**Q** 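One structure, pasted below without further comment.
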Amino acid sequence: MNDEHLEDANKRAMQGLINAMPLPFRAFHAQYHQPYFEYARIQLGDPAAADELVHGTFLYLAFNWLHFTQQGRVEAHAWALHKARVATELMVTGRPPAGPETMAFARAVRAANDAVLSTFREQFRAQVDELENSIGLYKAMTHLPERQFDVMLLRYALDYTTTHRRDDGHCPGHRSDPALQRQAPAVS
């Protein structure tokens with residue numbers, strides 16, 4: 001069996017596992033697979049290695065799904081696991097993590113690849129301007145606490161948006177959620 005057949009067999013097996021999982025896991029996978037892949041691809045610099053790493057992350061999550069859901073904050077625990085796996089892979093391969101400039105460049109390249117050739121020059125100039133402006137943003141991001149850096153990375157570098165935020169800016173279920181504070185019994 002050659003590598004291509006083995007890769008196809010692995011993908012079919014993973015898809016079968018995903019389909020056998022509860023609906024919340026399938027929804028989680030559908031929502032987070034692409035941003036996890038993009039993060040790993042940018043950090044590792046190799047789409048095949050990123051795909052394998054993300055595959056392993058979701059495989060681990062699938063086998064431990066009940067444990068993760070019982071802990072609460074599945075998204076936070078899964079993201080921490082994924083970041084740790086990427087960091088381990090970087091350490092094993094002796095590669096430094098991608099810097100903010102790499103993330104800015106990856107975003108600009110992705111936008112340039114989507115551009116229609118007839119307007120490529122205009123869009124490329126706009127992307128270069130955005131890149132020059134973005135580098136300052138990404139450099140400033142390196143001074144943020146880890147959690148805020150992750151939010152900025154997912155939102156602005158990887159264009160990932162989440163629907164887990166209410167219109168008033170609070171995350172449902174978070175300790176700062178006013179609805180939870182109203183429901184909490186008074187401690188005497």
Side-chain angles (χ1 to χ4, degrees), residues 1-21 25-65 68 74-117 119-120 123-124 126-128 130-132 134-135 137-139 141-142 146 149-163:
M1 186 179 270
N2 65 26
D3 288 343
E4 190 174 308
H5 290 332
L6 184 59
E7 185 177 319
D8 288 342
N10 285 341
K11 285 183 181 182
R12 282 192 310 274
M14 183 64 178
Q15 192 59 50
L17 176 62
I18 291 167
N19 291 339
M21 292 299 294
F25 177 83
R26 293 191 308 236
F28 181 87
H29 181 271
Q31 183 175 4
Y32 291 102
H33 184 273
Q34 191 61 36
Y36 279 33
F37 172 76
E38 288 297 326
Y39 176 78
R41 183 187 58 77
I42 289 170
Q43 291 294 331
L44 300 176
D46 179 6
D51 190 47
E52 185 176 328
L53 189 132
V54 172
H55 174 81
T57 298
F58 279 98
L59 191 60
Y60 183 85
L61 289 170
F63 282 110
N64 295 284
W65 185 248
F68 278 98
V74 173
E75 291 88 353
H77 291 297
W79 177 247
L81 169 70
H82 184 60
K83 280 181 48 180
R85 288 177 49 83
V86 170
T88 300
E89 183 67 22
L90 288 170
M91 190 172 54
V92 166
T93 60
R95 223 188 114 128
E101 296 83 5
T102 303
M103 291 181 278
F105 185 72
R107 184 173 183 216
V109 167
R110 186 174 59 238
N113 284 336
D114 293 340
V116 178
L117 284 176
T119 59
F120 178 76
Q123 292 178 359
F124 182 74
Q127 292 301 322
V128 168
E130 180 183 343
L131 177 61
E132 289 172 354
S134 295
I135 287 175
L137 168 66
Y138 292 117
K139 281 199 182 291
M141 284 172 48
T142 62
E146 182 178 0
F149 178 85
D150 289 347
V151 170
M152 297 293 288
L153 169 79
L154 289 168
R155 174 63 188 104
Y156 296 105
L158 300 178
D159 286 330
Y160 173 73
T161 58
T162 180
T163 58

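Source: prediction; values computed, not measured.
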**Q** Can you see which heavy atom on Val86 is nearest to which on Leu44, and at what distance?
**A** O-CD2, 4.3 Å
**Q** Would Glu146 and Lys83 count as a side-chain contact (heavy atoms from CB on, under 4.5 Å) here? Give the steps.
**A** CA-CA 11 Å; Glu146 182 178 0; Lys83 280 181 48 180; 2.3 Å; yes
**Q** Indicate the ring-plane relationship of Phe37 and His33, choosing parallel, tilted or perpendicular according to the 30° and 60° boundaries.
**A** parallel
**Q** Using every non-hydrogen atom in the two residues, find where Tyr32 and Phe58 come nearest and quote the distance to one decimal.
**A** C-CZ, 4.0 Å
**Q** Under the side-chain contact (heavy atoms from CB on, under 4.5 Å) criterion, do His77 and Leu61 qualify, and how do the steps go?
**A** CA-CA 10 Å; His77 291 297; Leu61 289 170; over 6 Å; no
**Q** So does His55 get a backbone contact from the side chain of Tyr36, meaning a donor-acceptor N/O pair under 3.5 Å?
**A** no
**Q** Looking only at heavy atoms, which two atoms of Ala78 and Phe68 are closest? And how far apart?
**A** N-CE2, 4.5 Å
**Q** What is the distance from atom NE2 of His29 to atom CZ of Arg26, rounded to the nearest 0.5 Å?
**A** 12.0 Å
**Q** Mind listing the closest non-hydrogen atom pair of Ala40 and Leu53 along with its distance?
**A** CB-CD2, 4.4 Å
**Q** Compare all side-chain heavy atoms of His82 with those of Val54 and state whether any distance is below 4.5 angstrom.
**A** yes
